[in-house]
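Letters go in sequence order (proteins before strands), and every chain restarts at 1.
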Amino acid sequence: MSSYLDELNDAQRAAVEYIDGPALVIAGAGSGKTRVLTYKIMHLLNNGYKPWNILAITFTNKAAREMKERIAKQIGEQDAAQLWMGTFHSIFMKILRMEIDKTDYQKNFTIYDATDSKNVVKGIIKDMNLDDKIYDLRTVCSRISGAKNDLISPEQYESTEQYADDSNAKRYKMVDIYRAYMRKCQTSNAMDFDDLLLQTHLLFLKHPELIKKYSDKFRYILVDEYQDTNSVQYNIVKSLASLHHKLFVVGDDAQSIYAFRGARIENILNFQRDYKEAKIFKLEQNYRSTKVIVNAANNVIAKNARQLKKEVFSENETGDRIRVLESAADIDESYKIAADIYNRVADGDEKYSDFALLYRSHSQSRSLEESLHKRQIPYKIFGGLSFYERKEIKDLIAYMKLTQNGNDDEAFKRVVNYPKRGIGDTTMDKITALATANNLSIWNTVVRLQEFDPTISPRTINALAQFMKMVYQLKLFADSNDAYKATLQIANTSGVLKDLEADKSVEGQGRLENAQELLNGVKQFVETRQKDGNTATLAEYLEEVSLMTGDEKNEDDSNKVSLMTIHASKGLEFKNVFLCGVEEGLFPSQKSAESSVQLEEERRLFYVAVTRAQKRLVISFARMRFKYGQLAPAQPSRFIKEIDTKYLDFGAGGESQFEAARDIPYAGRFRKTFAENDRNIAARPVPKFGNFKKYVPGSGPNRAAQVSPSDLKEGTEIKHSRFGRGRIVAFEKMKDDTKLTIDFINVGRKVLMQKYAIADMQIVN
DNA sequence: CACGTCACTGTTTTT
DNA sequence: CAGTGACGTG
């Protein structure tokens with residue numbers, strides 16, 4: 001009996017041991033999913049599978065790396081390195097490079113990130129003389145991306161719902177833009193993120209013998225976070241599993257939060273339909289969180305209509321109630337949170353690394369960051385403007401890309417005049433137009449520039465020639481040196497380093513430091529690869545870095561508070577979690593509150609957030625929030641109300657917080673008060689919220705009993721969660737609903753439909 | 001061609 | 001408030 005199986009509970013063990021056919025593991029939050037995946041792979045290896053016959057797809061590079069490390073500990077690094085483990089994007093890139101001669105690309109293709117894609121589209125809209133108000137960049141980009149992920153070619157696009165919608169918005173040229181975009185990427189020999197998936201799909205479509213080859217090779221396929229797969233991914237996985245039917249997918253429909261990116265929750269909901277002989281395993285015991293947290297999360301997710309049945313439970317301690325924290329304004333929120341962390345750590349109860357601050361959108365990080373900074377609390381922010389998105393880094397990487405792929409137009413345009421070489425916008429606009437007209441890359445257009453346009457001045461031609469000669473020489477250098485030497489050469493020869501050094505301002509020095517950090521990163525890359533006996537070329541470095549998302553740099557896991565979006569927190573856990581800015585319009589976001597499908601996704605996101613906490617959760621909202629440069633009033637999120645109040649601790653103010661918003665003092669005053677607070681901050685320690693109230697089953701203030709329609713009649717006094725107290729003055733029965741006219745004390749007379757309003761009302765006796 | 005100023009406008013989430 | 005784009009001047 002192998003020892004690792006003893007470390008699993010019955011459901012986990014069953015999932016690990018079943019290796020006869022397709023299987024779906026529905027893994028509730030905190031139910032040991034990663035453990036199952038890791039042990040499953042070990043189990044496969046123990047049962048005769050060879051590492052190179054196993055394909056394991058994870059959602060992030062980080063997840064892949066961590067799993068690989070865990071497995072390496074058991075089976076040794078050499079065998080672990082043979083596993084095909086990585087994200088869809090990285091695995092497919094590997095396959096594409098191996099089979100490159102069967103595609104329309106060349107081996108040295110580069111990757112366009114989101115900014116590059118946006119710029120390409122922007123150029124096309126400009127080229128085609130289209131109105132950029134109608135052809136909103138974000139919309140156009142997301143349409144193209146959506147089409148690619150749904151396997152809709154430009155030819156098929158006209159018959160889609162999106163196209164109908166585009167036509168309504170007078171976007172008649174979407175198909176042409178889409179087609180032009182594809183062509184541009186092609187002439188640039190560049191693939192965007194979606195292409196890595198789409199081109200793999202097209203490759204298999206065109207070369208069925210490759211499906212055979214890879215489906216034979218991958219004897220066992222594992223896919224993590226299956227609920228977040230999109231159509232392309234789904235289809236490719238299906239092809240790859242077509243031969244052996246050994247497909248093991250793990251996921252949790254309740255945690256599907258990437259529909260905006262094309263993820264189709266149906267893929268997991270319909271798994272059994274796709275694979276009739278599939279076995280289903282449910283991991284329902286949560287090992288992460290207290291009972292209160294798990295039960296509260298269940299309360300919320302129960303509101304979603306579409307989901308697979310499962311009952312997540314915890315056998316951990318009951319735990320403290322969830323603290324609902326109200327603040328007057330967002331700055332107060334940050335202040336209180338920082339103060340609470342400060343005090344708890346000062347008391348010696350906790351470490352900084354035990355805390356995470358989660359938020360719906362990146363913009364919320366700033367005020368939190370400031371408050372932490374003022375208290376000198378160490379923190380790290382995940383995501384956001386990642387290291388690789390900084391200008392100075394993108395510039396250097398553009399040079400690196402250009403040496404590998406001179407046809408990379410976006411890289412070319414980015415650095416052709418940085419540092420200044422006297423090649424301005426006018427020149428580049430001309431060249432770009434010529435490139436488009438001749439269906440050539442910019443590089444190849446410049447080569448024949450005199451032929452295309454004899455009016456261009458010799459001085460400009462010379463400047464371009466100098467630039468391209470330099471790039472070519474850098475390419476030759478890179479071809480015969482390792483990535484570090486190449487990057488150093490690039491940074492020096494291009495003049496980027498000199499330009500950065502010239503700027504003596506504080507920000508300028510910061511940029512220089514960043515550039516040096518990049519160089520260090522490359523150096524590290526080279527050393528690690530060479531230590532393992534591998535080559536470390538610039539091309540190899542770029543492959544790795546182009547799919548990296550910034551926060552995956554080896555963060556020192558030292559004692560710091562973590563700040564991140566809820567999306568970024570998926571898969572992680574923290575002893576103490578603050579969920580910040582839980583307000584209507586922010587969470588759920590304005591947009592998603594409009595449709596029930598999107599609202600359900602927001603609710604799942606809330607579920608993910610709540611289930612990150614192991615011991616203690618604070619759900620925080622403010623009455624005023626800084627938005628678009630000014631303070632705007634805010635209301636607590638509906639999601640808070642979806643949690644049974646017996647799991648909630650409202651602090652001294654009690655549940656009254658959910659009554660109509662009180663008078664808010666004029667916004668300007670907040671800022672002043674806060675400036676004072678800042679001055680006194682060290683002198684005036686804020687008490688922590690106090691010990692959280694314990695939840696004792698069967699006790700506590702339960703939410704008032706649901707109001708039933710028969711309780712309502714003319715004259716009934718009610719309390720509405722949003723409008724406060726009021727009296728029903730008219731009661732009019734209609735076909736399938738009742739119209740209530742209510743005089744509210746604070747907000748005056750309102751007419752509400754009973755069907756919708758009743759959930760928000762209580763009877764006042 | 002480079003650089004500064006000014007008005008506008010908009011926010012989810014990411015491989 | 002910030003990031004972007006348009007416009008005018010050396």
Side-chain angles (χ1 to χ4, degrees), chain A residues 57-64 86-93 111-115 117-119 122 126 132-133 136-139 141-142 145 148-149 191-198 224-225 228-230 232-233 256-263 330 358-367 382-386 388-389 391 417-429 457 459-460 463 546-552 564-570 581 583 585-594 598-599 601-602 604-606 608-609 625-632 671:
Chain A
I57 298 168
T58 59
F59 195 68
T60 62
N61 294 306
K62 191 172 160 197
T87 59
F88 276 105
H89 293 82
S90 67
I91 299 269
F92 291 170
M93 177 158 81
I111 305 295
Y112 274 176
D113 66 16
T115 318
S117 302
K118 241 167 66 189
N119 287 335
K122 197 191 280 179
K126 209 169 137 193
D132 59 3
K133 298 265 177 340
D136 167 67
L137 202 54
R138 294 167 46 91
T139 314
C141 285
S142 86
S145 172
K148 285 172 142 187
N149 284 320
M191 291 199 202
D192 66 13
F193 286 131
D194 305 320
D195 279 324
L196 292 170
L197 313 177
L198 177 63
D224 192 11
E225 309 281 10
D228 282 325
T229 51
N230 63 30
V232 208
Q233 294 166 336
S256 166
I257 53 175
Y258 283 99
F260 71 93
R261 199 174 90 186
D330 49 1
L358 307 184
Y359 34 79
R360 178 68 241 270
S361 92
H362 283 304
S363 57
Q364 292 170 254
S365 68
R366 188 160 311 172
S367 68
F382 291 76
L385 226 206
S386 88
Y388 298 100
E389 283 169 280
K391 183 190 173 299
N417 203 31
Y418 176 73
K420 300 261 176 293
R421 300 190 175 88
I423 304 164
D425 294 344
T426 331
T427 309
M428 284 316 291
D429 282 352
S457 80
R459 210 185 52 170
T460 309
S546 57
L547 295 182
M548 209 134 98
T549 46
D551 56 84
E552 290 164 14
M564 69 189 88
T565 63
I566 302 163
H567 281 89
S569 76
K570 192 158 84 156
E583 294 143 29
L586 188 58
F587 194 14
S589 74
Q590 204 85 59
K591 276 259 161 74
S592 51
E594 288 163 13
Q598 289 186 73
L599 189 63
E601 174 145 323
E602 289 291 287
R604 292 191 293 268
L605 192 59
F606 190 78
V608 169
R625 183 162 296 271
F626 219 69
K627 223 178 176 182
Y628 311 135
Q630 55 185 351
L631 269 180
R671 300 178 69 70

A.B. asks: Please state whether the phosphate of dA2(B), meaning OP1 or OP2, lies under 4.0 angstrom from any side-chain nitrogen or oxygen of N417(A).
C.D. replies: yes
A.B. asks: Please tell me if T565(A) has a side-chain N or O lying less than 4.0 Å from either OP1 or OP2 of dT14(B).
C.D. replies: yes
A.B. asks: Between atom NZ in K420(A) and atom P in dA2(B), what is the gap in whole Å?
C.D. replies: 6 Å
A.B. asks: Output the rounded distance in Å from CG (L586(A)) to C1' (dG10(B)).
C.D. replies: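 About 15 Å, once rounded to whole Å.
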A.B. asks: How do R421(A) and E602(A) order along DNA chain B: which one's closest nucleotide is nearer the 5' end?
C.D. replies: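 The residue closer to the strand's 5' end, by nearest nucleotide, is R421(A).
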A.B. asks: Strictly below 4.0 Å: does S361(A) bring a side-chain N or O up to OP1 or OP2 of dT11(B)?
C.D. replies: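 For dT11(B), OP1/OP2 do not have a side-chain N/O of S361(A) under 4.0 Å.
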A.B. asks: Looking at the side chain of R366(A), which of dA2(C), dG5(C), dT14(B) is the nearest nucleotide?
C.D. replies: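 The nucleotide sitting nearest to the side chain is dA2(C).
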A.B. asks: For the pair made of CZ in R625(A) and P in dT11(B), what is the distance, rounded to whole Å?
C.D. replies: 18 Å
A.B. asks: With the side chain of F260(A) defined as its heavy atoms from C-beta on, choose the nearest nucleotide among dA2(C), dC1(B), dT13(B).
C.D. replies: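 Of the options given, the side chain of F260(A) lies nearest dT13(B).
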A.B. asks: Whole angstroms only, please: what is the CZ-P distance between F626(A) and dG10(B)?
C.D. replies: 19 Å
A.B. asks: Select one nucleotide: of dT11(B), dC1(B), dT15(B), the one nearest the side-chain heavy atoms of R138(A).
C.D. replies: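 Nearest to the side-chain atoms of R138(A), counting from C-beta on, is dT11(B).
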A.B. asks: Can you tell me the distance, in whole Å, between the CZ atom of F382(A) and the C1' atom of dT13(B)?
C.D. replies: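 Whole-Å distance recorded here is 17 Å.
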A.B. asks: Assess whether atom CG of D429(A) is packed by more than 12 heavy atoms of other residues, nucleotides or ligands within 6.0 Å.
C.D. replies: yes
A.B. asks: Could you tell me the separation between the CG atom of D425(A) and the P atom of dG4(B), rounded to a whole number of Å?
C.D. replies: 15 Å
A.B. asks: Categorize Y258(A) for me: base, sugar-phosphate, or nothing, with a 4.0 angstrom heavy-atom threshold over every strand shown.
C.D. replies: sugar-phosphate
A.B. asks: Output the rounded distance in Å from NZ (K118(A)) to C1' (dT4(C)).
C.D. replies: 10 Å
A.B. asks: Given dT14(B), is OP1 or OP2 found less than 4.0 Å from the side-chain N or O atoms of H362(A)?
C.D. replies: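 For dT14(B), OP1 or OP2 has a side-chain N or O of H362(A) closer than 4.0 Å.
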A.B. asks: If I take atom NZ in residue K148(A) and atom P in nucleotide dT15(B), what distance separates them, rounded to the nearest angstrom?
C.D. replies: 18 Å
A.B. asks: So H567(A) and F260(A), would you call those rings parallel, tilted or perpendicular, with 30° and 60° as cut-offs?
C.D. replies: perpendicular
